[in-house]
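Accompanying notes for the structure given below.
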Amino acid sequence: MRSLSDPFLTLHEEPSDAEVASHRLMLRAGFIHKVAGGIYTYLPSAVRVLRKIEAIVRKEMNRAGGLEILMPSLQPADLWESTGRWEKYGKELFRLSDRHERAFALGPTHEEVVTSLMAGLVGSYRQLPVLVYQIQTKYRDEIRPRFGLLRGREFIMKDAYSFSTSEEDAKAIYHKMQEAYRAIFRKLGLRARMVDADSGLIGGNLSHEFMIMAPSGEDTVVSCQSCEWAANIEKAEGMDACPLCQGSLSRETAIEVGHVFYLGQKYSLPMNGLFSDQDGQEKPFVMGCYGIGVSRLMACAIEQSHDDRGMIWPVSMAPFQISVLPLGPAASESPFVKDLVEALMFRFPDEVYIDDRDLRAGVKFGDADLKGFPLQVICGEKNLASGNVEIKVRKTGAREVLPVKAVPERISAILESLGA
RNA sequence: CGGGGCGUGGCGCAGCCCGGUAGCGCACCUGCUUUGGGAGCAGGGAGUCGGAGGUUCAAAUCCUCUCGCCCCGACCA
């Protein structure tokens with residue numbers, strides 16, 4: 001991608017209403033644009049990050065046996081009435097009506113829709129278990145949207161739902177999802193922690209949250225100093241020692257990015273989600289549901305990885321892995337640079353960003369650091385005169401000068417060492 | 001929903017108390033000079049002062065209503 005066709009400018013001044021790093025940096029770097037409170041347009045760089053996160057999530061869901069579907073955001077009220085949540089969900093549910101005054105909700109989650117789907121499609125134990133998932137925009141009329149993408153009223157979520165014939169089978173899937181989540185966060189290059197959690201409005205009696213430790217987090221994790229046990233503060237309320245080993249407890253703020261629930265028959269029972277078992281008996285599905293906040297994850301990555309110059313993307317979700325900075329008018333026209341760019345685009349397809357704007361070096365450096373792509377290939381006129389360019393690693397600040405021809409191979413090695 | 005604050009060119013703000021022809025920085029456009037860490041000079045374009053009503057010879061400024069946004073408390077990926 002050439003920056004000449006990139007109309008999304010970076011800002012030199014701090015946005016006045018951004019409280020946390022991810023929000024501030026995304027505004028400054030031209031990742032998002034606010035449309036209304038808690039509602040944003042994702043600009044090209046942000047979309048690229050989202051697509052990368054989604055690709056990793058998809059891969060792990062598919063590996064775990066998940067089948068991707070896509071359910072509607074617009075959901076009829078009677079589905080919600082069938083589980084009592086039309087009343088219980090409260091003001092957080094966006095409600096609207098069609099031209100015939102029929103009531104609808106904008107989906108904040110999809111237990112009702114998916115249970116009704118499976119109730120209609122599945123009749124026999126032979127069809128089970130099933131795991132379906134989707135990646136989709138969700139709507140919640142948050143009491144107080146804030147912190148940019150960390151708490152929006154419209155956000156992107158991966159939600160998965162499992163249907164099993166027994167509690168044992170359902171819990172096996174639940175544990176498989178826990179493992180899939182660990183793999184997802186590891187591949188994204190994020191440090192996440194799994195903690196015991198409350199089930200809240202979704203229901204069920206077994207639930208774990210995946211937390212990204214961050215000072216800007218709105219959640220608090222209580223963890224044992226001596227063993228691995230940790231829980232959401234709501235779950236740990238009243239405890240003064242670790243329930244496993246009696247060790248002492250400490251608290252840290254965190255951001256919730258994933259949540260797995262064992263639902264049991266909470267939805268299948270009221271919604272008649274039944275299958276026939278081996279004996280010909282009709283039984284309700286035993287369910288689980290599993291969410292990951294995709295757009296929130298993008299913000300978390302920044303919360304967890306930035307410095308005073310800007311974002312520092314993990315290779316796995318960087319909008320581009322490589323930015324090329326030709327400095328000065330002669331560099332942009334240099335045959336060395338043209339050949340280099342061609343070679344890089346061949347070797348790293350769709351991962352090369354070229355800042356060929358007619359701007360001073362300092363501006364390009366500043367923007368490159370702000371946007372935080374992992375590697376910068378700096379093409380200055382003096383180095384070019386001797387057939388060299390410089391590679392800078394955003395994360396460490398390490399720089400090296402090397403011959404143009406050696407660049408692709410070297411970049412490959414550095415990306416590898418950065419965990420690509 | 002309660003408490004606090006703010007709406008003035010794209011962004012950040014001043015002006016409001018004490019009414020009198022809308023200003024600054026950044027960004028943008030043109031030209032010349034510059035060119036490895038956010039350049040200099042000169043010129044230029046751009047604002048229904050959130051909206052409606054009122055007071056007044058005159059309203060960004062005073063009054064009333066309204067909408068939006070942000071921050072602090074009760075929910076969640």
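Not measured: the values here are computed from a predicted model. Here is the naming used below: chain letters follow the sequence lines, and residue numbers restart at 1 for every chain.
Minimum atom distance to the side chain of A:R153 is reached by B:C69, of the listed B:C69, B:C75, B:G38.
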For residues 322-340 of chain A, which side-chain donor-acceptor pairs fall under 3.5 Å, sequence neighbours excluded?
residue	atom	partner	partner atom	Å
A:S323	OG	A:L375	O	3.4
A:S334	OG	A:F336	N	3.0
A:S334	OG	A:V337	N	3.4

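At a cut-off of 3.5 Å, with distance as the only test, a side-chain donor of A:N232 or A:E209 sits close to an acceptor on the other residue. Looking only at atom types and distance, the side chain of A:Y161 has no donor-acceptor partner in the side chain of A:T115 under 3.5 Å away. Using modelled atom types and a 3.5 Å distance limit, the side chains of A:T83 and A:E112 yield a donor-acceptor pair.
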Output a table of nitrogen or oxygen pairs between the protein and nucleotides 11-14 of chain B separated by less than 3.5 Å.
residue	atom	partner	partner atom	Å
B:C13	OP2	A:S16	OG	3.3

Using atom names, set out every protein N or O paired with an N or O of nucleotides 2-8 of chain B below 3.5 Å, distance rounded to 0.1 Å.
none

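Ion pairing of A:K266 with A:E111 is absent here, as no side-chain N (NZ or NE/NH1/NH2) approaches a carboxylate O to less than 4.0 Å.
The shortest distance between the side-chain N/O atoms of A:R360 and the OP1/OP2 oxygens of B:A39 is below 4.0 Å. Between A:K364 and B:U35, a side-chain N or O to OP1/OP2 separation shorter than 4.0 Å is absent.
Mapping A:V257 and A:E19 onto RNA chain B via the closest heavy atom, the residue that lands nearer the 5' end is A:E19.
By the 5.5 Å and 30° criteria, A:F155 is stacked with the base of B:A77.
Between the side chain of A:Q225 and the backbone N or O of A:S250 there is no donor-acceptor pair closer than 3.5 Å. In terms of modelled atom types and a separation under 3.5 Å, the side chain of A:R296 and the main chain of A:E256 share a donor-acceptor contact.
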